[in-house]
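So the structure is just underneath, and the comments pick up after that.
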Number of protein chains: 2
Amino acid sequence: MKLSTKGRYGVKAMLDLAIHSSEGHIPLKSIAERQNISENYLEQLFALLRKEGIVKSIRGAQGGYMLAHDPQEITVGAILRALEGSLAPVDCVTENDPAYCDRADRCVTKFIWKKIRDKVNEVVDSITLKDLVEEYRKLNPDEGYMYYI
Amino acid sequence: MKLSTKGRYGVKAMLDLAIHSSEGHIPLKSIAERQNISENYLEQLFALLRKEGIVKSIRGAQGGYMLAHDPQEITVGAILRALEGSLAPVDCVTENDPAYCDRADRCVTKFIWKKIRDKVNEVVDSITLKDLVEEYRKLNPDEGYMYYI
DNA sequence: TAATATCCAAGTAATTTGCTTGGAATTAAA
DNA sequence: TTTAATTCCAAGCAAATTACTTGGATATTA
């Protein structure tokens, strides 16, 4: 039941991006340096985030990434699902095209997995980037503009 | 965020054991056959469950496993944590000796992981084997005594 | 035209998962 | 007393997954 580095790095990187969102486009290199994540690996994560329409990019020199929406409209859930896929604990209760199971209609344990899935989604969908930015400023009042989150 | 087969097989096997709890000791062989799980692999799972005091065993011919407590006292949470370890999505919020992190006191994302951890535990701790047995009988009124769950 | 970026597809080492194998110890029944 | 059934235990191992790295092609600005 562990998140992979994709999910963890992804939320970190998106929070970094949100905190710097007033500065225009942010190159991955700067996020990678601040958060101590491989830039090449971040590329892969941002490709997924872009495909989901969570960030937008501009190529070339002085290019970089920006949030595609306001921070209060981007949930941790959207970020995590973009990077990790469904947060369902078992494939038979994935939201879209759940894995086939011939006893699905009489399966008892399925209800457990669904409840877990729904509660996890509920939690992560209730937290937005705006919440995280505010929490960050509260916890780190001294650091003008951020290091490692 | 997926459960491994340990957790999934474990809950299945424990439900099977609960349904057959009136029959005395149940050998793993019969659970393995009914649930279509490798008997040798089940041995490893039941070693963990026994270490946690969730099942008890009798060795030798006519031996087998039994629930160590009444079904209403055994939660899905206890089973899953015995088999999967902490259900925390990130090691820094494991209940006992969380992984060290030098920015733990100023970490924003930690709150997300804690909320997920707590909700997941809440769900699985609210479901007992008794609930599952009742649900099973409701969903499978025809099958006198069980096949694949 | 040089530097800075995103974009994209493979490759790969380390780790984890999901078992299997091979036996030793214990117990009940024949 | 032997045999069969069973738990107990420690290793071994192939396949899959993870967490990257490598090596470019393409786009944009200075």
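All chains are named by letter (A, B, ...) in the order of the sequence lines, taking the proteins before the strands, and each is independently numbered beginning at 1.
Ion pairing between B:Glu122 and B:Lys119 holds under the 4.0 Å rule for side-chain N and carboxylate O.
Comparing C:dA29, D:dT7, D:dT29 by their nearest atom to the side chain of A:Gln62 picks out D:dT29. When each of D:dT7, D:dT21, C:dT27 is scored by its nearest atom to the side-chain atoms of A:Asn40, the top-ranked nucleotide is D:dT21.
When each of B:Pro27 and A:Leu3 is assigned the nucleotide of DNA chain D with its nearest heavy atom, B:Pro27 is the one assigned upstream, toward the 5' end. Mapping A:Gly63 and B:Ala47 onto DNA chain D by nearest heavy atom places B:Ala47 closer to the 5' end of the strand. Each of B:Arg8 and A:Ile58 has a nearest nucleotide on DNA chain C; the 5'-most of these lies closest to A:Ile58.
Atom CG of A:Leu42 and atom P of D:dA19 are 14 Å apart (whole Å). We find that CG of B:Asp91 is positioned 14 Å from C1' of C:dT15, with the value rounded to whole Å. For the pair B:Leu45 CG and C:dG18 P, the computed distance is 10 Å after rounding to whole Å. In this structure, B:Lys56 places its NZ atom 13 Å from P of D:dC8, rounding to the nearest Å. Protein atom CD of B:Glu39 is 16 Å distant from nucleotide atom P of C:dG22, rounded to whole Å. When rounded to the nearest whole Å, the span between CG of B:Leu49 and P of D:dC8 equals 11 Å. Rounding to whole angstrom units, CD of residue A:Glu43 and P of D:dA19 are separated by 18 Å. Per the geometry, CG belonging to A:Asn36 stands 10 Å off P belonging to D:dC20, to the nearest Å.
Ring geometry, A:Tyr9 versus A:Tyr41: the interplanar angle exceeds 60°, so the pair is classed perpendicular (tilted spans 30 to 60°).
Between B:Tyr41 and C:dT21 there is no side-chain polar atom (N or O) within less than 4.0 angstrom of OP1 or OP2. At C:dG18, one or more side-chain N or O atoms of B:Thr5 fall inside 4.0 Å of OP1 or OP2 (strictly under the cut-off). Dashed line: the shortest gap from a side-chain N or O of B:Tyr9 to OP1 or OP2 of C:dC19 is under 4.0 Å. The shortest distance between the side-chain N/O atoms of A:Tyr65 and the OP1/OP2 oxygens of C:dA5 is not below 4.0 Å. For A:Ser4, no side-chain nitrogen or oxygen approaches OP1 or OP2 of D:dT17 to under 4.0 Å.
Side-chain atoms of B:Gln44 and base atoms of C:dT20 include a donor and an acceptor less than 3.5 Å apart. Put simply, the side chain of A:Arg59 and the base of D:dT26 share a donor and an acceptor less than 3.5 Å apart.
No side-chain heavy atom of B:Thr109 sits less than 4.5 Å from a side-chain heavy atom of B:Val90. Between B:Arg81 and B:Leu87 there is a side-chain heavy-atom pair separated by less than 4.5 Å.
Within 4.0 Å (heavy atoms only), A:Phe46 reaches no atom of the nucleic acid at all. When heavy atoms are screened at a 4.0 angstrom cut-off, B:Arg50 is found touching the sugar-phosphate backbone but no base atom.
B:Arg50 contributes no side-chain N or O that, together with a main-chain N or O of B:Ser57, makes up a donor-acceptor pair within less than 3.5 Å.
Checked options A:Val55, A:Leu129, A:Leu132, A:Leu17; the residue passing with A:Ile74 is A:Leu129 (criterion: side-chain contact (heavy atoms from CB on, under 4.5 Å)).
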